[in-house]
Amino acid sequence: MAGKIRIRIKDAKSLRFSSNLMMMVGLFCCSVWLLGFSMLVGFGSRQSGRHQEQRSCLDGEKMGRITIFSAPKPFLVSANNGVDLVGDRQELAVRSWLALSPDVAVVLFGRHASIFAFAAKLGPRVSVESAIDFTFHDTPFFHSMVARSQTIPGISVFVDPEIILLPNMLTTFCITSTLNLDWFLVSISTYISYFPYHLDDDGNHWLHNDGDKISVEKEFVVQKQEYRNNTERLLIAWNTGDMPLHAGVLPPFLYRKGLHNEWLLNEVLSSEFRFPVDASNVISSFYPEILGQWSHEHLMTNRDVETRAWEYRGNLGVVINWTLLVQTLLSYARMHLQVAGDNYKDMLMNWVCCLRHLAVTNFIVCALDLEIYEFLILQGLPVFKDPLAPSNISFNDCHFGTKCFQKVTKVKSRIVLQILRMGYNVLLSDVDVYWFENPLPILYSFGSATLVAQSDEYNETGFYFVHSDPPTIAAMEKVVKHASNSDLSEQPSFYDVLCGEGGLNRISDNQCVEPSTNLRVHFLDRNIFPNGAYKGLWEKRNVRSACVKQGCAVLHNNWISGRKRKMERQVHSGLWEYDASSRMCMQSWQRPHSASYF
């Protein structure tokens, strides 16, 4: 084959830190020095006892369970002659992992239907995990992936979904397992420009594209392999042990958006809890840029680049000085609106986690200050900053009745009106409204030209649903105008405009009609949409059980004064889904523990 060179498959004769890895880590943190080491382990030429020990290790007696974790992109057919180029690489990669050994399991993080279909096609050794944190673009969070992997004993391997692995990885794990130490292993994957091989239908043998069987134990014939400083395709692995991976708290990095592997490697080395192994010259792992006749292309559109650029910026942790257009975000969210400042960021995240557990993803957040805006960008949430939001929002003194509260509430109706004018229906939910189920089926049943709101006790307007139609827009314009001329909050303006002063426009106990627009206001059943004063639900021994028994769709944590008291009641009630210490939503696979914010 003209232009090709013969590359012998690497063998496990030595494990050491390579200059490539030292350079890579140096790019991230110049102060980190890597202590070189060498493990001289022979094959065949050593005594038979050593050979027998290695054989039993490869049979799985010492290595234990090996689980490979990754997060593939959705398997989609592109416009390029109906070929999914990325999907082809991902399928070949995963099949190569399964070919390593019948004892290797694969866990794919994702929520797209094509990933579930792909896993089902490959059999029971491949599973899909969706119970982790994702952005609204369905990009998984690396810290949540790592946390999930640590609940599965054995050897955990994290690798890019397009990286092909060869059997010498198992030999390497065999050797490290004989150390009887807690270890952390890294390996730099190489790039191959042309890869004319595939696995047979059974996944047992590698074949050349002409159908000839080849032996991976001896050699592949490929073009020159190239190292690149791309740490997204770094293979990392560790064993279950007595020591943690590192002493720090893994930040909310987005997977495959830069820096997460460097951060983890740096922390592992700095913490010195684990024996570090650089297997770059031992493990054969590579990224095939061209599979047979298919050319390598990056299929992201210009719109993809624009809307996903914030993910890379978020991982870099830079100060964000730009705002995603509200119209662009609404094309993803379409429905639920949240307005929040930095003083309630953890309660906001609890609300987000609650919606995630209900598989509700169509929400958008309006940030009242730069601090919460930057925080939410790092959390992967669809957020925009209101340029007209009041300044100097008090951290602890912005509850009902305060001047701060009055200013903040007027933002809500103004933002809702702007979104309605864009043609989107809106469900406004305060951060202190806990959802037991998705309320939209109930709310939609009332039809258009109707504002559906939680009970008007206490003049609260923290949970309501409106359609984008002429009567609603006209009525909301009246509310915003009235509130702008009032020294009070927006809430009295809602009632006075829509139901009339003193309830003049009420037509029943639970309905009003605004006469000039004919907008109907319907107050929801308090048994299903209770507020904080209804039936003393928040004082029950088991708030969740009492609400479920009553049939609550939501429960509002209002009728209590002060941010701290509100937080304490929410956390102690058990209606708390966010772990602020790890910056993750709590999942069913995590050990039960008492959530704490304070």
Q: So which heavy atom on Ser280 is nearest to which on Ile188, and how close?
A: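 Smallest interatomic distance, heavy atoms only, reads OG-N, 3.0 Å.
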Q: Looking at CG of Leu254 and CD of Gln379, how far apart are the two atoms once the value is rounded to the nearest 0.5 Å?
A: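 Going from CG on Leu254 over to CD on Gln379, the span is 9.5 Å.
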Q: What's the verdict on ring pair (Phe, Tyr, Trp, His ring centres under 6.0 Å) for Phe363 and Trp351, showing C-alpha distance, side-chain angles and the deciding distance?
A: CA-CA 11 Å; Phe363 61 87; Trp351 180 83; 5.6 Å; yes
Q: Has Thr240 got a side-chain atom pairing as donor or acceptor with Gly154's backbone, closer than 3.5 angstrom?
A: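 Indeed, once roles are kept as given, a pair shorter than 3.5 Å links the two residues.
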Q: Please check this pair: side chain of Asp133 against backbone of Phe142, looking for a donor-acceptor N/O pair closer than 3.5 Å.
A: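 Not confirmed, Asp133 side chain does not pair with Phe142 backbone.
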Q: Closest approach of Ile163 and Ala93, non-hydrogen atoms and distance?
A: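 Minimum heavy-atom separation between Ile163 and Ala93: O-CB, 3.3 Å.
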Q: Yes or no on side chain to side chain contact (heavy atoms under 4.5 Å, CB included) for Lys213 and Asp200, after CA distance, side-chain angles and deciding distance?
A: CA-CA 9 Å; Lys213 185 183 297 187; Asp200 62 14; 5.9 Å; no
Q: Begin from the C-alpha positions of Ile66 and Val157 and carry the test side chain to side chain contact (heavy atoms under 4.5 Å, CB included) through to its verdict.
A: CA-CA 7 Å; Ile66 297 177; Val157 183; 4.2 Å; yes
Q: Using a 4.5 Å cut-off on heavy atoms from C-beta on, say whether the side chain of Leu108 contacts that of Phe118.
A: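 They are in side-chain contact.
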Q: Closest approach of Leu250 and Arg583, non-hydrogen atoms and distance?
A: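 That would be O-NH2, 4.4 Å.
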Q: Does any N or O in the side chain of Ser144 come within less than 3.5 Å of the main-chain N or O of Phe141, such that one atom is a donor and the other an acceptor?
A: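 Side chain of Ser144 to backbone of Phe141, a donor-acceptor pair under 3.5 Å: no, none is there.
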Q: What heavy-atom pair brings Leu265 and Val186 nearest, and what distance separates the two atoms?
A: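 So the two residues come closest at CD1-CG1, 3.9 Å.
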Q: Is there a side-chain contact between Arg89 and Pro288 (heavy atoms, below 4.5 Å)?
A: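 Yes, their side chains come closer than 4.5 Å.
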Q: Does atom CG (Asp242) have a neighbourhood of more than 12 heavy atoms from anything else shown, all under 6.0 Å?
A: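 Open.
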Q: Is it true that Asp103 and Arg65 have a side-chain N and a carboxylate O under 4.0 angstrom from each other?
A: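 Salt bridge: no.
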Q: So Phe375 and Val383, side chain to side chain contact (heavy atoms under 4.5 Å, CB included) or not? Walk me through it.
A: CA-CA 10 Å; Phe375 173 78; Val383 57; over 6 Å; no
Q: Side chain to side chain contact (heavy atoms under 4.5 Å, CB included) for Trp206 and Ile164? Distances and angles first, verdict last.
A: CA-CA 12 Å; Trp206 283 97; Ile164 293 173; 4.0 Å; yes
Q: Quick check on the 6.0 Å ring-centre criterion: do His246 and Trp263 meet it?
A: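 Between Trp263 and His246, which both carry aromatic rings, the centre distance is below 6.0 Å.
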Q: Are the side chain of Asn239 and the backbone of Ile155 linked by a donor-acceptor contact shorter than 3.5 Å?
A: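 It does not hold such a pair.
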Q: Please determine which of Ser189, Ser285, Ser284 meets the side-chain contact (heavy atoms from CB on, under 4.5 Å) test together with Leu165.
A: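 Of Ser189, Ser285, Ser284, side-chain contact (heavy atoms from CB on, under 4.5 Å) with Leu165 is met by Ser285 alone.
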Q: Run the salt bridge (Lys or Arg N to Asp or Glu O under 4.0 Å) test against Arg148 and tell me which residues pass, sequence neighbours left out.
A: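 Arg148 satisfies salt bridge (Lys or Arg N to Asp or Glu O under 4.0 Å) with Glu129 once adjacent residues are dropped.
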Q: Strictly under 6.0 Å, is that where the ring centroids of Trp238 and Phe273 end up?
A: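 Aromatic pair excluded; centres sit 6.0 Å or further apart.
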Q: Given side chains that start at C-beta, do those of Ser270 and Asn266 come closer than 4.5 Å, heavy atoms only?
A: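 They are in side-chain contact.
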Q: Ser130 versus Phe109: any side-chain heavy-atom pair under 4.5 Å?
A: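 With C-beta onward as the side chain, the pair stays apart.
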Q: Do Ile283 and Leu185 have side chains that get closer than 4.5 Å, going by heavy atoms?
A: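 When only atoms from C-beta onward are counted, Leu185 and Ile283 do touch, with a gap below 4.5 Å.
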Q: Spell out, as yes or no, whether a donor-acceptor pair under 3.5 Å connects the side chain of Ser70 to the backbone of Pro72.
A: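 No; judged by distance alone, with no hydrogens or angles, the pair does not exist.
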Q: Measure across Pro276 and Leu269 and return the closest heavy-atom pair with its distance rounded to 0.1 Å.
A: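 Shortest heavy-atom contact: CB-CD2, 3.8 Å.
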Q: For the residue pair Thr171 and Asn168, confirm or rule out a side-chain donor-acceptor distance under 3.5 Å.
A: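 Note: Thr171 and Asn168 side chains miss the donor-acceptor criterion.
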Q: Just how far is it from atom NZ of Lys345 to atom CD1 of Ile372, taken to the nearest 0.5 Å?
A: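 Reported to 0.5 Å precision, the distance equals 7.0 Å.
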Q: Is the distance from the ring center of His260 to that of Tyr255 below 6.0 Å?
A: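 Ring centroids of His260 and Tyr255 are less than 6.0 Å from each other.
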Q: Supply the atom-to-atom distance Met347 CE to Met567 CE, rounded to the nearest 0.5 angstrom.
A: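 Taking CE in Met347 and CE in Met567, the distance rounds to 5.0 Å.
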Q: Are Ile68 and Val104 close enough that some pair of their side-chain heavy atoms sits under 4.5 Å apart?
A: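 Yes; the side chains approach each other to less than 4.5 Å.
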Q: Pairing donors with acceptors under 3.5 angstrom, does anything connect the side chains of Ser114 and His112?
A: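 Side chains of Ser114 and His112: pair found under 3.5 Å.
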Q: Check Arg256 with Glu162, please: is the shortest side-chain N to carboxylate O separation under 4.0 Å?
A: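 Salt bridge between Glu162 and Arg256, a charged N being under 4.0 Å from a carboxylate O: yes.
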Q: Crowded around Asn204 CG? As in, over 12 foreign heavy atoms under 6.0 Å?
A: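 Correct, the count exceeds 12.
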Q: Please round to the nearest 0.5 Å and tell me the distance separating atom OH of Tyr197 and atom CD1 of Ile192.
A: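 Tyr197 atom OH to Ile192 atom CD1 measures 9.0 Å (nearest 0.5 Å).
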Q: Where the side chain of Ser127 meets the backbone of Val107, is there a donor-acceptor pair that is under 3.5 Å apart?
A: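 It does not hold such a pair.
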Q: Can any side-chain N or O of His357 pair as donor or acceptor with the backbone N or O of Met586 at less than 3.5 Å?
A: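 Side chain of His357 to backbone of Met586: a pair is present.
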Q: Taking salt bridge (charged side-chain N to carboxylate O under 4.0 Å, His left out) as the cut-off, I'd like each qualifying pair that reaches into residues 112-125, sequence neighbours left out, listed once.
A: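 The answer is Glu91-Lys121.
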Q: Is the NZ or CZ atom of Arg233 positioned over Tyr287's six-membered ring, under 6.0 angstrom from the centre and within 45° of the axis?
A: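 Yes, Arg233 sits over the ring of Tyr287.
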Q: To the nearest 0.5 angstrom, please state how far the CZ atom of Phe158 sits from the OG1 atom of Thr67.
A: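 Atom-to-atom, Phe158:CZ and Thr67:OG1 are 10.0 Å apart.
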Q: Say whether, by atom type as modelled, one donor and one acceptor occur between the side chain of His205 and the main chain of Leu199 under 3.5 angstrom.
A: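 Pair absent, no side-chain N/O of His205 close to backbone of Leu199.
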Q: Residues in salt bridge (Lys or Arg N to Asp or Glu O under 4.0 Å) with Glu267, at least two apart?
A: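 Applying salt bridge (Lys or Arg N to Asp or Glu O under 4.0 Å) to Glu267 gives none.
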Q: Should Arg356 and Phe134 count as side-chain neighbours, where that means a heavy-atom distance under 4.5 Å?
A: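 They are not in contact (no side-chain heavy atoms under 4.5 Å apart), so the answer is no.
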Q: Hey, is the main chain of Leu92 close enough, under 3.5 Å, to the side chain of Trp97 for a donor-acceptor pair?
A: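 No.
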Q: What's the separation between atom CG in Asp579 and atom CE in Met349, rounded to the nearest 0.5 Å?
A: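 Reported to 0.5 Å precision, the distance equals 11.0 Å.
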Q: How close do Cys585 and Gln590 get, heavy atom to heavy atom, and via which atoms?
A: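 Closest pair (atom of Cys585, atom of Gln590, distance): O-OE1, 3.8 Å.
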Q: I'd like to check Leu264 versus Ile236 (side-chain heavy atoms, cut-off strictly below 4.5 Å). Are they in contact?
A: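 Leu264 reaches Ile236 side chain to side chain.
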